[in-house]
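Reminder, nothing fancy here: chain letters follow the sequence lines and each chain counts from 1. If you're wondering where the values come from, they're calculated on a predicted model, not measured in any experiment.
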Amino acid sequence: MKEYIAGLIQSAVDTLKASGELPLEVSPKITIDNTRDKSHGDFASNVALTLAKPAGKPPRQIAERLCSIILEQAIADKKGVEKAEIAGPGFINFFVSSASSFAVVPEILTSGEAYGRSNAGKAQKVQVEFVSANPTGPLHVGHGRGAAYGATVADLLSAVGFDVQREYYVNDAGRQMNILATSIWLRYLELQGETFTFPCNGYKGEYVYDIARGLGDDHGDKLRHGAATVFENIPADEPAGGDKEVHIDALIARCKALLGEENYLGVFDSGLDNIVGDIKDDLGGFGVHYQNWFSEKSLSESIDGVIDQLNKSGHLYEKEGALWFRSTEFGDDKDRVVKRDNGETTYFASDIAYHKNKFERGFTQVINIWGADHHGYIARVKAALEALELNPEQLTVKLVQFAILYRGTERVQMSTRSGSFVTLRELREEVSNDAARFFYVTRKAEQHMDFDLELAKSESKDNPVYYIQYAHARICSVLRKLAAQSSNWNRENGLAKLELLTLEHERDLASKLSKYPEVLNNAAINLEPHALTHYLKELAADFHTYYNAHKMLVEDENLRDARIALGMAVRQVVANGLKLLGVSAPEEM
RNA sequence: GCGCCCAUAGCUCAGCUGGAUAGAGCAACGCCCUUCUAAGGCGUGGGUCUCAGGUUCGAAUCCUGAUGGGCGCGCCA
C-alpha cells in the first residue's frame, strides 16, 4: 500500500512538473509515514512541505494541487485509497478503505509462518559474533544480555533475507587459559591430599573442583606431585607480600615443567573442553545456537603473517623491545603493542588476524556484539582494518550495556570475585528461558537496563511476556471452546465474511497486523529487537481490549467465523514474533 | 585528565532516523464489574523531553558547550 501511495504521489509530482507548476529539477524523496493519530488517516506524506522551498510556493498550495490529482487517480484505480486530504501545515493524509484494511487477514493466514519475512537482505552474507566469553568459567548473567541480543539480531536478520552466520570466538589461547589449567591442576592436587595455599589470582569457582575431579577419574594419581616440589622457590603470592601476577606465572611454568608438555596439554584441554561444553549446553538451553565456534588457537599460524603484512606496509615500529602498531595514524588514542618484549604476540595481534580472517570469508557485513566495557577496543580494531586496507565500515560493533538485576526493588549483588556470581543458568532456572530471552531484549542495546526478576516471574498482565503469550493462548482457548460446543471454525466462510467486521477495535487490529512486516524489517536493519517486543505488546493489548469488549463466539455463524479469522491472524503474528525472539507461544497457560 | 555511551510523566521505558496536540505500562485518583476458564474493564490527572546556545518552514530527534550518571583508558584476555 505504501508503495502504491508513493507511486501516486510521484506521478502527481510529474504531472505538475509537466504543467510547469513545479520546477523540472526538483525530485523530492517521497516518504510515506504511518500516522500517529487516527484522525490523520492511515498514511501521511510530507512531500508538499519538502517541495515548498524549491518551488517557492506555500506548502498547502502545493498539497492542494497534488491532492486533487492524486485523488482522481486513486478513485480510478480502485486500489483501496478512499480519501486524501490536506491537513496541518501541508501534510497529505490518506484514508484506506475498510476492505483493503482487512485484506491483511487472508494474507496472514495464507502465508502462515512466512508472514512478515522478506528477501530484503538479498542473501547477503552477514556475520554476527556474540557472547565470546572467555572459556574460563560458566556464563554469568552479564553474558545473558549479549546472548539474547545477539541471537535475536541474528534471527531477525535471517528473517529478512540475510545469510547469517552466528559465531562464537573461543579465547582458547593465552595466559588466562594457562591460569585456568594451573588452577585445575592445583585443585586436583588438593583432592589427591596435598595441602597448600591456593593462589589468590587462580580460578576459585566450584566448577574448577568438578573438572579436577574428572581429572582424577581419568588419570588417578599419575599427575600428582608433592606440594613442596610444586611450590619450591615460587615467589610469594600477594597476601604473603609478593606479586600475585609473578606468583601465578611461576606456578604456570612449574605446572608445565612438572607435567611435561603432553600431560599439561591434557589438563589444559580438560578445562577447555569442559567449560566450552558447559557454555554450549547453557546457550543451547537458552535457544542460542551457533554455526561456528572459532578457535583463537587456530589463528596461531596466521598471526605472524598479519604482523608481517603490517610491517611491510610501514605500520609497525619497535620501541623498548616490543613491536608496536601505529594505530594513532588511524585515530586511535595511543599506539598498541602487537608483540611483547618476550616475543609473545598480544591478544590484540590475534584479534587483528581474526578480523582479517572474518573479512576473507566474504561477509558484506561483520557485526560484533561486545559488552560495554570493551568500547575502548573499537578504535584499534578499526584502525587495524584500515591498515590492512580493509573497509572498517563493513564492521559494526554493537555495545551492549550492563543489565542490573533487581528482586522487586532490591538490587541483586553480583560479584565475579571468589567465584561467586549469578550464573546465566541460575537466572534461566529462576525466571524461565522465555522471560529471560524477552526481558533482555526489551531495551535498546545501548541503554542501561533494570531487570526485575520478580516481574519476569510474575504471572500477571504486568509481565509483558505473560501478557503476549496469554493473547496467543486466549485465541487457542476460543477454538477449544468452540470445539467443545461441537462446532468448528469455517475458515473459508470467515475470510469471505470479513466485511462484517465493522467495529473500530477490529479495524485497529487489522491495521496493526499490517504493520508487522515493516516493524520486523526495521527491527532487523537497525539491529533493534526491542522494536519487535514493543510491537507485540501493543498487538496483544489491542487484542485483549477487543476480546474484553466483544464476544468472538457469537450466534451469527458468519460474524463468528469472520471474528475468529481475525483472531487467528493475531495468533499467527504473535506466534511469528515470539518465535523470532526465542520465546514460546503456548496454546494454554 | 582524555575517550565512548546514556539523560523523555512519581517509576520502568517507547517515540517509526527532522514532522501535526510527545506516547505506553505500572503507581495515583474516579466510575463499572462477576465474564468466550482467565490473575478484571473503562476513564481522569500527571511533561520547561537535564540545561544553554545553534542549524531550518519545523528539533525530544542533528551540531556545539555545560551538568549529572555508567563504562573504559595494560607489553591482561
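The side chain of A:Gln176 lies closest to B:C76 when the candidates are B:G15, B:C76, B:C75. Comparing B:C36, B:C76, B:C16 by their closest approach to the side chain of A:Arg340 singles out B:C76. Of the candidates B:C16, B:A77, B:C57, the closest approach to any side-chain atom of A:Leu49 belongs to B:C57. Across B:U17, B:A77, B:G69, the shortest atom-to-atom separation from the side chain of A:His448 is found for B:G69.
There is a side-chain donor-acceptor pair under 3.5 Å between A:Glu506 and A:Tyr546.
Remark: A:Gln401 is not in phosphate contact with B:C4, judged by side-chain N or O atoms under 4.0 Å from OP1 or OP2. Distances shown here put a side-chain N or O of A:Arg36 below 4.0 Å from the OP1 or OP2 atom of B:A20. Between A:Ser477 and the phosphate of B:U37, there is a side-chain N or O to OP1/OP2 separation shorter than 4.0 Å. Side-chain nitrogen and oxygen atoms of A:Lys461 include at least one within less than 4.0 Å of the OP1 or OP2 phosphate oxygen of B:C26.
Remark: B:G58 base-pairs with no nucleotide in the shown strands. Criterion, Watson-Crick or G-U wobble with two distances under 3.5 Å.
For CD of A:Gln485, the number of neighbouring non-hydrogen atoms (other residues, nucleotides, ligands) closer than 6.0 Å is greater than 12. In this structure, A:Glu557 places its CD atom where only 12 or fewer heavy-atom neighbours from other residues, nucleotides or ligands lie under 6.0 Å away.
Contact annotation: side chain of A:Asp373 to base of B:G72, donor-acceptor pair absent below 3.5 Å. Under 3.5 Å, the side chain of A:Asp351 and the base of B:A77 form no donor-acceptor pair of N or O atoms. No hydrogens or angles were tested; on distance alone, a donor-acceptor pair under 3.5 Å links the side chain of A:His375 to the base of B:G3.
The NZ-C1' distance, from A:Lys515 to B:G15, rounds to 15 Å in whole Å. Atom CG of A:Asp450 is separated from atom P of B:U12 by 6 Å (rounded to the nearest Å). For the pair A:Tyr467 OH and B:C26 P, the interatomic distance rounds to 8 Å; values are reported in whole Å. What separates CG of A:Asn34 from C1' of B:A14 is a distance of 15 Å, to the nearest Å. Atom CG in A:Leu399 sits roughly 18 Å away from atom P in B:G70 (whole-Å rounding).
Here A:Phe402 does not count as stacked on B:G70, because the ring centres are not under 5.5 angstrom apart with planes under 30°.
For B:U17, the O4'-C1' to base torsion is within 90° of 0; the nucleotide is therefore syn.
A:Thr152 places a side-chain N or O within donor-acceptor distance of the main-chain N or O of A:Ala148, the cut-off being under 3.5 Å.
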- prompt: Passes salt bridge (charged side-chain N to carboxylate O under 4.0 Å, His left out), A:Arg175 versus A:Asp249? Steps please.
  reply: CA-CA 9 Å; A:Arg175 184 163 167 267; A:Asp249 281 337; 2.8 Å; yes
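Note on A:Lys551: a base of the nucleic acid sits closer than 4.0 angstrom, heavy atoms only.
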